[in-house]
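Have a look at the structure below, then the notes.
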There are 2 protein chains.
Amino acid sequence: MSIINGDEHKLCFDHDPYTYAIKVFCNRWKPLIIYAIYVDSSTRYSKFLKNIPITEKVLANNLKELEKDGLITRTVFYEVPLRVEYSLTDTGRTVCPILDSIYAWGREEMIRNGIPIDAVGEMWHGYLPMDESFLE
Amino acid sequence: MSIINGDEHKLCFDHDPYTYAIKVFCNRWKPLIIYAIYVDSSTRYSKFLKNIPITEKVLANNLKELEKDGLITRTVFYEVPLRVEYSLTDTGRTVCPILDSIYAWGREEMIRNGIPIDAVGEMWHGYLPMDESFLE
DNA sequence: CAGTATCCTTAGGGATACTG
DNA sequence: CAGTATCCCTAAGGATACTG
């Protein structure tokens with residue numbers, strides 16, 4: 001493993017694991033996308049749009065990055081109509097425990113501060129019994 | 001605990017624990033700021049600027065948010081010159097294990113991809129012996 | 001020392017229409 | 001169905017000078 005230290009005594013942003021990790025799986029959308037796949041084991045473009053308040057362009061960008069960074073796999077089924085399934089790679093699955101702990105922390109703080117919590121996330125994370133009607 | 005579900009079958013962004021947690025401690029700078037305090041138990045404005053590649057305005061903003069969200073405490077010592085110390089609250093300390101796991105994940109991926117890792121972070125996180133000259 | 005104030009730039013996201 | 005393409009917009013960040 002190589003070590004750098006750019007600006008003498010100052011941490012170099014380009015070589016910081018936090019920056020790397022956060023860019024790869026900890027932005028505004030990726031935890032939700034990853035967890036949506038995790039819950040269903042695999043899922044599709046139109047289903048993300050049904051479950052997450054994300055626009056098409058932003059979803060497409062995030063899916064491409066997640067694929068490029070090796071967290072998800074894109075599989076095309078040449079049917080009519082076309083079907084594409086996204087699933088987690090082994091690497092993708094390694095972030096799930098971290099996502100769980102982030103979710104649990106946010107959840108505790110929101111409860112402590114009296115902020116209501118969304119039912120979909122609660123089902124996805126096992127804090128509420130799963131209601132299939134939410135996930136179709 | 002109250003549960004909401006805004007748009008019927010779609011997760012509501014404002015009530016999602018990921019969104020909350022990421023806003024509070026998982027942006028571009030906060031992990032570094034929190035960890036800088038954690039390593040020294042308390043630290044000061046000018047020392048952040050020496051160790052982290054952040055500008056004054058952005059540092060000030062992030063410190064205010066961290067204080068407002070209850071992760072850090074600001075203590076003023078009325079000396080000449082003025083001295084201000086930032087330290088972690090109990091809540092602030094609860095994010096450190098999560099930060100550790102995020103760091104460790106990013107670190108592993110960077111190693112796997114042949115990306116060099118910054119020495120300051122490695123010392124802060126115990127992967128390299130601490131060299132005091134880096135932290136003054 | 002510990003910050004504000006000011007001005008500027010840009011990446012990221014949002015809405016909507018369109019395509020293979 | 002699974003995406004692009006286009007246009008717009010604003011919050012976040014960067015540089016630098018200044019203040020109590």
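This structure is a prediction, so every number in the text was calculated from the model and none was measured. Note on naming: letters A, B, ... go to the chains in the order of the sequence lines (proteins, then strands), and numbering restarts at 1 for each one.
The side chain of A:Ala60 approaches D:dT4 more closely than any other nucleotide in the set C:dA2, C:dG13, D:dT4. Distances were taken from every side-chain heavy atom of A:Glu56 (C-beta onward) to each of D:dA15, C:dG13, D:dT4; the shortest belongs to D:dT4. Nearest to the side-chain atoms of B:Val84 among the listed nucleotides C:dA2, C:dG13, D:dG14 stands C:dA2. Comparing C:dA2, D:dG14, D:dT4 by their closest approach to the side chain of B:Thr55 singles out D:dG14.
In this structure, B:Arg28 does not reach the D:dA11 phosphate: none of its side-chain N or O atoms is under 4.0 Å from OP1 or OP2. For the OP1/OP2 pair of D:dA2 and a distance below 4.0 Å, the side-chain nitrogens and oxygens of A:Tyr78 include no atom meeting the criterion. Within the 4.0 Å cut-off from OP1 or OP2 of D:dA2, not a single side-chain nitrogen or oxygen of A:Lys50 is found. Phosphate proximity of D:dA2 to A:Arg74: absent, as no side-chain N or O sits under 4.0 Å from OP1 or OP2. Look at B:Arg44 and you'll find a side-chain N or O under 4.0 angstrom from OP1 or OP2 of C:dA2. In this model, the phosphate group of D:dA12 is not approached by any side-chain N or O of B:Trp29 to a distance below 4.0 Å at OP1 or OP2. Between A:Ser46 and the phosphate of D:dA2, there is a side-chain N or O to OP1/OP2 separation shorter than 4.0 Å.
One atom, NZ of B:Lys23, and another, C1' of C:dG12, lie 16 Å apart when rounded to the nearest Å. Counting to the nearest Å, the C1' atom of C:dG20 and the CZ atom of A:Arg83 are 19 Å from each other. Whole-Å rounding puts the B:Lys30 NZ to D:dG13 C1' distance at 14 Å. In this structure, A:Lys47 places its NZ atom 16 Å from P of D:dG3, rounding to the nearest Å. One interatomic measurement links the two molecules: CG of B:Asn27 to P of D:dG13, which rounds to 6 Å at whole-angstrom precision. We find that OH of A:Tyr45 is positioned 7 Å from C1' of D:dA2, with the value rounded to whole Å. Spacing between atom CG of B:Asn61 and atom P of C:dT6 amounts to 15 Å, rounded to whole angstrom units. Regarding A:Leu59, its CG atom lies at a distance of 17 Å from the P atom of C:dT16, rounded to whole Å.
A:Tyr86 comes within 4.0 angstrom of the backbone, heavy atoms only, and of no base.
Remark: A:Arg93 fails to qualify as a cation-pi partner of A:Tyr38 under the 6.0 Å distance and 45° angle criteria applied to the six-membered ring.
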Test log, rule side chain to side chain contact (heavy atoms under 4.5 Å, CB included), inputs A:Trp29 and A:Ile52: CA-CA 9 Å; A:Trp29 304 107; A:Ile52 301 173; 4.1 Å; yes

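Two residues are said to be in side-chain contact when any heavy atoms from C-beta on lie closer than 4.5 Å; B:Asn51 and A:Lys10 fail this criterion.
One N or O donor and one acceptor, one from the side chain of B:Lys57 and one from the base of D:dG14, sit under 3.5 Å apart.
In summary, A:Lys30 and A:Glu65 engage in a salt bridge, as defined by a charged side-chain N under 4.0 Å from a carboxylate O. Under a 4.0 Å N-O distance rule, the pair A:Asp40/A:Lys47 qualifies as a salt bridge.
Nucleotide C:dT19 forms a Watson-Crick or G-U wobble pair with D:dA2, both donor-acceptor distances falling under 3.5 Å.
Without hydrogens or angle criteria, B:Asp118 side chain to B:Val120 main chain gives a donor-acceptor distance under 3.5 Å.
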